[in-house]
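Structure first, then comments.
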Amino acid sequence: MANYSAELDDVFVALADPTRRGVVRRLGQGPASVGDLAGAFPMTLPSFLKHVRTLESAGLIRTTKAGRVRTCVLNRERLAVVEDWLAEQRAVWQQRTDRLDRFVTEEQP
């Protein structure tokens, strides 16, 4: 787990903000322009672009520019870092609850 903790930290920091989670949720439906994404949030475009840059720096989204339109696309592979970590945590806690269940349900000598 230590080999990807910096990556994991970057992703969790990026996802800590509700605006950025909303952008990721929306991009889960498909690519969108920055202007379309920004319209869903009550903030100025420069403020919204800071969120886009944070998501891009964390590797959660990619942007491309065609003329004056910047399009954002979700990088689903980057979410695998979180998925892997959650799977590890789920396994640890499943083992703990299984041991507790055995302790509670087995007859004691």
Rounded to the nearest 0.5 angstrom, the CD-CD distance for Glu88 and Glu83 is 12.0 Å
From Asp10 CG over to Leu55 CG, what is the distance, rounded to the nearest 0.5 angstrom?
12.0 Å
The criterion is salt bridge (Lys or Arg N to Asp or Glu O under 4.0 Å); which residues satisfy it with Arg62, sequence neighbours excluded?
Glu77
Which pair of heavy atoms, one from Phe48 and one from Val34, lies closest together, and at what distance?
CE2-O, 3.8 Å
How long is the straight-line distance from CZ of Arg70 back to OG1 of Thr64, given to the nearest 0.5 Å?
8.0 Å
How about Ile61 and Val73: do any of their side-chain heavy atoms sit closer than 4.5 Å?
no
What is the distance from atom CG of Leu60 to atom CZ of Arg21, rounded to the nearest 0.5 Å?
12.5 Å
Side chains of Thr54 and Ser57: is there a donor and an acceptor less than 3.5 Å apart?
no
One should read off an interatomic distance between Thr63 OG1 and Asn75 CG, to the nearest 0.5 angstrom, of 12.0 Å
Heavy-atom side-chain proximity of Met43 to Thr19 below 4.5 angstrom
yes
Provide the closest heavy-atom pair for Ala58 versus Arg78 in the form atom of the first, atom of the second, distance.
O-NE, 2.7 Å
Listing request: all salt bridge (Lys or Arg N to Asp or Glu O under 4.0 Å) pairs with a residue in residues 38-61, at least two apart in sequence or in separate chains.
none
Where Thr71 and Pro31 come nearest, the two heavy atoms and their spacing:
CG2-CB, 4.0 Å
In this structure, would Phe12 and Val24 fall into the same cluster of hydrophobic residues linked by side-chain contacts under 4.5 Å?
yes
Do Arg26 and Leu37 come within less than 4.5 Å of each other through their side chains, counting heavy atoms only?
yes
Let's go through Leu15 and Arg20 carefully: what are the C-alpha distance in whole Å and the side-chain angles of both, what is the deciding distance for side-chain contact (heavy atoms from CB on, under 4.5 Å) to 0.1 Å, and is it a yes or a no?
CA-CA 6 Å; Leu15 293 174; Arg20 294 191 289 266; 5.7 Å; no
Under 4.5 Å between side-chain heavy atoms, counting indirect links through other Ile/Leu/Val/Met/Phe/Trp/Tyr residues: same cluster for Val13 and Leu8 or not?
no
Sorted by chain and number, sequence neighbours left out, side-chain contact (heavy atoms from CB on, under 4.5 Å) with Arg76 holds for Leu74
Considering all heavy atoms of both residues, which atom of Ala38 and which atom of Leu45 are nearest to each other, and what is their separation?
CB-CD1, 3.9 Å
